[in-house]
Amino acid sequence: MTISRWHSKTLRILTALLLFATLVYIIDRGFFAFGKGRWIDAQFFYVAGRCWLNHDLPYNFELFNWHWQDVFETQAISSFVYPPSLAFLAIPLGLFPWDIAKWVLNAINLLAFLGVWFFTFRLTVTHPHVNSRSLKPWIFLIFSGFISAIPSVLYIGQMGLIALCGILGSFYAWQYRQSWLFGIFFVLSTFKPQISFIPLVYLLAIADRRFLLPSLLFATFAMLSPLLGQSGAFLDIPHQLVESYRIHLALPFNDRSNYVSLPALFGKTELSSLAIAAGLVVALSVALALAYLYKRNCSRGASQSFKQPTLDNVQADPVRHLQILLALVAALIPIQKYDLVVYIPLLGTLPILVERHQILPLLAMILAVARIDNLETIVGIAFGENVSPIVDFLVNGMTGAIFFFVFIGWMRETWIASSRKPVH
């Protein structure tokens, strides 16, 4: 018994040390690495904040470029295309000098990552299939911290971690019936619509109207208020948005072959737009279908909260639904490599899958795709930079495609296994 206790204590100490080492790795890569592209996206949010503080809309590229030149003394490299809700972050950043604001955003992103970890852990340990005293949730949480997209977000100052924290926080607030908290996290999730749209559609479909009403009113205010009271005609905003988006898409970085999803398979061909539209339709259809299955199970007497141990069926389990939706976002929605932070909760919640055959294929593919920056570096070293289309096709598109089809096979096995369980 003494040896067993000593062994258990040793494992917990080692787990704590690994958790600390993961944080050190992320802070080192995200805070103390410098080079090309450092804070490149943070510059857009800072200049947007300066625009709003001067009662100018950042969607007017001429005004945005003027403020950019005022801060950085160069021409703006692109336009601002983020949602108006981002004003709630951009305006406070704009109050600081740039040399302070960039570090403030770094700290906010680190806090967002810790928030993602917290909500992922809560979703896992409160699940009926997980022993909350087991080390397994901690181990998978540590694995999720080594996804290469995490330091990338910190390095360039992207919004993926904040939006992901918003998605998971919205699930948490819905779980505990905190409508005001749901509204706050809902707004945060809109900072990056590419990764949040599908999960939010699912959440809006399963939550009841009384719970949603105050949250949606707050979210509507957050989206519209930054557009009001600014210089220029309100009716000019749609034109400014279209023009800003056109400028944004013209950047080589936004070439469709750079996506880490199925649309990258088609590169610059006409089929690329069709693949993007089809992927969005499929992901949206799956989200609505899962919401319908959940609501149907609730109408049969299941609880609206997934804290109850009665949810032993994938058709009635919102955490598994979240896994499915985040996997579809990674595979079908046009996102960049740094957006693969969506794999953090997908990895962290794997302990809810109780059978090994459910976990291992998915875990292998997550690690393969989530470390895509490393894979591309290896291929680039082997073949040189002159074959970037091959790298884009093989690494970006094919890994997304393989992951998608493996995930479909895994879900089929899981669905059949859960359907065979006796109903209590």
Mind checking whether F64 and F44 have parallel, tilted or perpendicular rings, split at 30° and 60°? parallel
For the residue pair F218 and F221, categorise the inter-ring angle as parallel (less than 30°), tilted (30 to 60°) or perpendicular (more than 60°). tilted
Can you confirm whether [X] sits close enough to [Y] that some side-chain heavy atom of one is under 4.5 Å from a side-chain heavy atom of the other?
X	Y	answer
S215	F186	no
Y338	I150	no
M223	V187	no
L110	F31	yes
L168	V116	yes
L328	I333	no
F182	L203	yes
L284	I198	yes

Straight-line distance of [X] [atom1] to [Y] [atom2], nearest 0.5 Å:
X	Y	atom1	atom2	answer
I139	L347	CD1	CG	13.0 Å
I40	I156	CD1	CD1	7.5 Å
F140	I352	CZ	CD1	11.0 Å

Test side-chain contact (heavy atoms from CB on, under 4.5 Å) applied to I108 and L161, step by step: CA-CA 9 Å; I108 291 172; L161 286 171; over 6 Å; no
Using 4.0 Å as the upper bound for N to carboxylate O, is an ion pair formed by D70 and R50? yes
Is it true that R177 and D208 make a salt bridge, defined as a side-chain N closer than 4.0 Å to a carboxylate O? yes
Between W117 and F113, does the ring-ring contact (aromatic ring centres under 6.0 Å, His included) criterion hold? Intermediate values first, please. CA-CA 6 Å; W117 254 10; F113 167 71; 4.7 Å; yes
Residue pair F185, F119: steps toward the ring-ring contact (aromatic ring centres under 6.0 Å, His included) verdict: CA-CA 12 Å; F185 282 116; F119 291 125; 5.3 Å; yes
When you measure from the centre of the six-membered ring of Y172, is the NZ or CZ of R122 under 6.0 Å away and within 45° of the axis? no
Does one side chain, of [X] or [Y], offer a donor that lies under 3.5 Å from an acceptor on the other?
X	Y	answer
Q43	K102	no
Q194	D339	no
T124	T349	no
H321	Y202	yes
S179	W174	no

Would you check if the side chain of N54 reaches a backbone N or O of D56 as a donor-acceptor pair within less than 3.5 Å? no
Verify, without hydrogens or angle tests, whether S189 (side chain) and I167 (backbone) share a donor-acceptor contact under 3.5 angstrom. no
Which heavy atom of I142 sits nearest a heavy atom of T22, and at what distance? CG2-OG1, 3.4 Å
Between Y59 and F80, does the ring centroid distance fall short of 6.0 Å? yes
For F20, is the CZ atom crowded, meaning more than 12 foreign heavy atoms sit under 6.0 Å from it? no
Among F96, W98, W39, ring pair (Phe, Tyr, Trp, His ring centres under 6.0 Å) partner for W103: W39
Might you work through the side-chain contact (heavy atoms from CB on, under 4.5 Å) test for H127 and D317, ending with a clear yes or no? CA-CA 9 Å; H127 195 277; D317 189 343; 2.4 Å; yes
By the definition side-chain contact (heavy atoms from CB on, under 4.5 Å), identify the one residue from V153, N109, L86 that meets it with I162. N109
